[in-house]
Amino acid sequence: MKNKIALIFFTLVLFACNSKQQNDKENTINNTKKEKIGKSKPVDSIHYQISIYDNAKFKDEIKDHKESLKKLSEKKLFLNIHNKLIQKLTVEQQSFFNTNSNYELLAVAEGNLFEENSNDLVFIVYDKENVKISILTYNGITSKYAILYEDIKVENGLENANCGSYSFGTLDYQIAEEFLIYKEETLVKNLDSYLEYSPVKITDLSKDEKFLLKDGCFAKKVSRTNLANTLCLATSSVYNNWECLRYNKTNNTFLIFYSQAFAD
C-alpha cells in the first residue's frame, strides 16, 4: 500500500515539473517574438539629406571651402551682387533682407512652386553668420520663408536610380563651388556676366529647352507626366547640368527626382 502511495506521489510530481517546463518554454518563445517585433524597423523609412554645411562628418573637408566664401564676402563681391539683385525685388522682399542683414542675396527665381498661381520665390543667399550658402524659399500663399534641408526636408530620389554621375556635397554646397568660388575672377572683372545666368529656376521641364529629358535621369517610380512647378538648381557653371526637385505638400518635403549631367 505504501509503495502505491509513493508511486502516485512521484507521478504527480513528475507531471507538475513537465507542465512547468512546457509553460516556461512557451513563455520564452512568446517573449522572444515580442522582442523581435519591438526591434523591427519600418520597411519604408525615408532617409532625408543633411546639408553638408551642417554635417559634422565633413567639417574638416569643407574648411577651405568656407574660408573661400568668407574671403569673397569680405572683398564685397557678394554685396555687389546683392545690391544689384535686391533692386528688382518687391518692397516686401527688400524689407525681409534689410531685417535679415546676415543674408547676402546671390540669385533669385520666381514662379509657381508650392501651388498653382502662388507666385513663389527661391533665393540663393550667403549666410555671413554661419559662413555658408543657403537655399531659401518663399511661399507666396502663406508668406512664409523656409531654408532647404533645415525647415523643409529633402529626399534624394536619385540615390538608387543608376544615373552614372556623382557630385560631392549637397546642392547648396555645389552652387557655392561652381558659381562663386570657381567663378571668382568673373565676379571681380565682369559682374554683369555672372548676373546673366542664374543657377536656380522654377520651371516646367517638359517645356524648357534647357532640359533634355530623353538623355536625363529620373528617380524610380516617379511620375513624368506633370513636370511643371519644378525647382531646378544648376550643378555646373560650364556644362548644362542640373538637378530638379518636386514639392510634396502632404509632408512638406522636396524630392530630387531628375538629373542631367553632360556637356552641351
Novice: Treating Ile, Leu, Val, Met, Phe, Trp and Tyr as nodes and any side-chain heavy-atom pair under 4.5 angstrom as an edge, say whether I50 and Y48 lie in one connected cluster.
Specialist: no
Novice: Could you tell me the separation between the CG atom of N112 and the OH atom of Y247, rounded to the nearest 0.5 Å?
Specialist: 14.5 Å
Novice: Do you see a donor-acceptor pair shorter than 3.5 Å between the side chains of E178 and Y173?
Specialist: no
Novice: Passes side chain to side chain donor-acceptor pair (under 3.5 Å), D172 versus S51? Steps please.
Specialist: CA-CA 7 Å; D172 43 8; S51 171; 2.6 Å; yes
Novice: Counting only N and O atoms by type, is there a donor-acceptor contact under 3.5 Å from the side chain of Y194 to the main-chain atoms of L106?
Specialist: yes
Novice: Grouping I, L, V, M, F, W and Y whenever their side-chain heavy atoms are under 4.5 Å apart, do F96 and L148 come out in a common cluster?
Specialist: yes
Novice: Would S134 and D127 count as having a side-chain donor-acceptor pair, cut-off 3.5 Å?
Specialist: no
Novice: Using atom types as modelled and distance alone, determine if a side-chain donor or acceptor of T99 lies under 3.5 Å from a backbone N or O of S95.
Specialist: yes
Novice: If you round to the nearest 0.5 Å, how far is NZ of K183 from CG of N190?
Specialist: 9.5 Å
Novice: Return the CD1 to NZ distance between I62 and K57, rounded to the nearest 0.5 Å.
Specialist: 12.5 Å
Novice: Check whether any side-chain N or O of N98 sits under 3.5 Å from a backbone N or O of Q94 as a donor-acceptor pair, and report yes or no.
Specialist: yes
Novice: For S236 and F179, which heavy atoms make the closest approach, and how far apart are they?
Specialist: O-CZ, 3.3 Å
Novice: In terms of the angle between their ring planes, are F211 and Y258 parallel, tilted or perpendicular, with boundaries placed at 30° and 60°?
Specialist: perpendicular
Novice: Starting from L79, can I reach L195 by hopping between I/L/V/M/F/W/Y residues whose side chains sit under 4.5 Å apart?
Specialist: no
Novice: Would you check if the side chain of T230 reaches a backbone N or O of C244 as a donor-acceptor pair within less than 3.5 Å?
Specialist: no
Novice: Using a strict threshold of under 4.0 Å (side-chain N to carboxylate O), is an ion pair present between K70 and E129?
Specialist: no
Novice: To the nearest 0.5 Å, what is the distance between CZ on R246 and CG on L113?
Specialist: 11.5 Å
Novice: Is it the case that more than 12 heavy atoms not belonging to Y182 sit under 6.0 Å from its OH atom?
Specialist: no
Novice: Between Y138 and Y145, how do the two ring planes meet: parallel, tilted or perpendicular, split at 30° and 60°?
Specialist: tilted
Novice: On a heavy-atom basis, which atom in K210 and which in N240 lie closest, and how many Å separate them?
Specialist: O-ND2, 2.7 Å
Novice: Decide yes or no on side chain to side chain contact (heavy atoms under 4.5 Å, CB included) for R224 and L205, but give the supporting numbers first.
Specialist: CA-CA 10 Å; R224 304 186 187 189; L205 291 188; over 6 Å; no
Novice: Please walk me through it: do V131 and Y126 pass side chain to side chain contact (heavy atoms under 4.5 Å, CB included)?
Specialist: CA-CA 7 Å; V131 192; Y126 172 64; 3.6 Å; yes
Novice: Decide yes or no for W242 and K201: does some side-chain heavy atom of the first lie under 4.5 Å from some side-chain heavy atom of the second?
Specialist: yes
Novice: Check E177 against I181 and note the closest heavy-atom contact, atom names and distance.
Specialist: OE2-CD1, 3.6 Å
Novice: Just checking F168 against H65, ring centres under 6.0 Å apart?
Specialist: no
Novice: Can you tell me if N130 uses its side chain to pair, donor with acceptor, with the backbone of K132 under 3.5 Å?
Specialist: no
Novice: Starting at SG of C232, measure out to CG of D204 and round the result to the nearest 0.5 Å.
Specialist: 10.0 Å
Novice: Flag the pair E184 and K71 as a salt bridge only when some basic side-chain nitrogen lies within less than 4.0 angstrom of an acidic carboxylate oxygen.
Specialist: no
Novice: Let me see the working for L231 and V200 under side chain to side chain contact (heavy atoms under 4.5 Å, CB included), right down to the final yes or no.
Specialist: CA-CA 7 Å; L231 168 60; V200 56; 3.7 Å; yes
Novice: Report yes if some heavy atom in the side chain of I133 is under 4.5 Å from a heavy atom in the side chain of L180; otherwise report no.
Specialist: yes
Novice: Specify the closest pair of heavy atoms between L212 and Q260, including all atoms of both residues, with the distance to one decimal.
Specialist: N-OE1, 3.0 Å
Novice: Please answer whether the main-chain N or O of I256 pairs with a side-chain N or O of E243 as donor and acceptor at a distance below 3.5 Å.
Specialist: no
Novice: To check you understand the geometry: which heavy-atom pair defines the closest contact between L187 and I81, and what is its length?
Specialist: CD2-CD1, 3.8 Å
Novice: Of all heavy-atom pairs between L213 and S206, which one has the smallest distance, and what is that distance?
Specialist: CD1-CA, 4.1 Å
Novice: Same hydrophobic cluster for I141 and L121, using side-chain heavy-atom links shorter than 4.5 Å among ILVMFWY?
Specialist: no
Novice: Under 3.5 Å, which donor-acceptor pairs link side chains of residues 151-162 to any protein atom two or more places apart or in another chain?
Specialist:
{"unit_1": "D151", "atom_1": "OD2", "unit_2": "I147", "atom_2": "N", "d": "2.8"}
{"unit_1": "N156", "atom_1": "OD1", "unit_2": "L158", "atom_2": "N", "d": "3.0"}

Novice: Using a 4.5 Å cut-off on heavy atoms from C-beta on, say whether the side chain of E110 contacts that of N119.
Specialist: yes
Novice: If we ignore hydrogens and angles and just use 3.5 Å, is the side chain of S68 paired with the main-chain N or O of D64 as donor and acceptor?
Specialist: yes
Novice: Between H82 (side chain) and E104 (backbone), is there a donor-acceptor pair under 3.5 Å?
Specialist: no
Novice: For V122 and L136, run side chain to side chain contact (heavy atoms under 4.5 Å, CB included): C-alpha distance rounded to whole Å, both residues' side-chain angles, the deciding distance at 0.1 Å, then the answer.
Specialist: CA-CA 6 Å; V122 177; L136 187 68; over 6 Å; no
Novice: Hey, could you give me the CZ/OG1 distance between F254 and T137, rounded to the nearest 0.5 Å?
Specialist: 6.0 Å
Novice: Closer than 3.5 angstrom, by distance alone: can the side chain of N252 be matched with the main-chain N or O of N248 as a donor-acceptor pair?
Specialist: no
Novice: Classify the ring geometry of F97 against Y103: parallel below 30°, tilted from 30° to 60°, perpendicular beyond 60°.
Specialist: perpendicular
Novice: Between T203 and D208, do the side chains contain a donor N or O and an acceptor N or O under 3.5 Å apart?
Specialist: yes
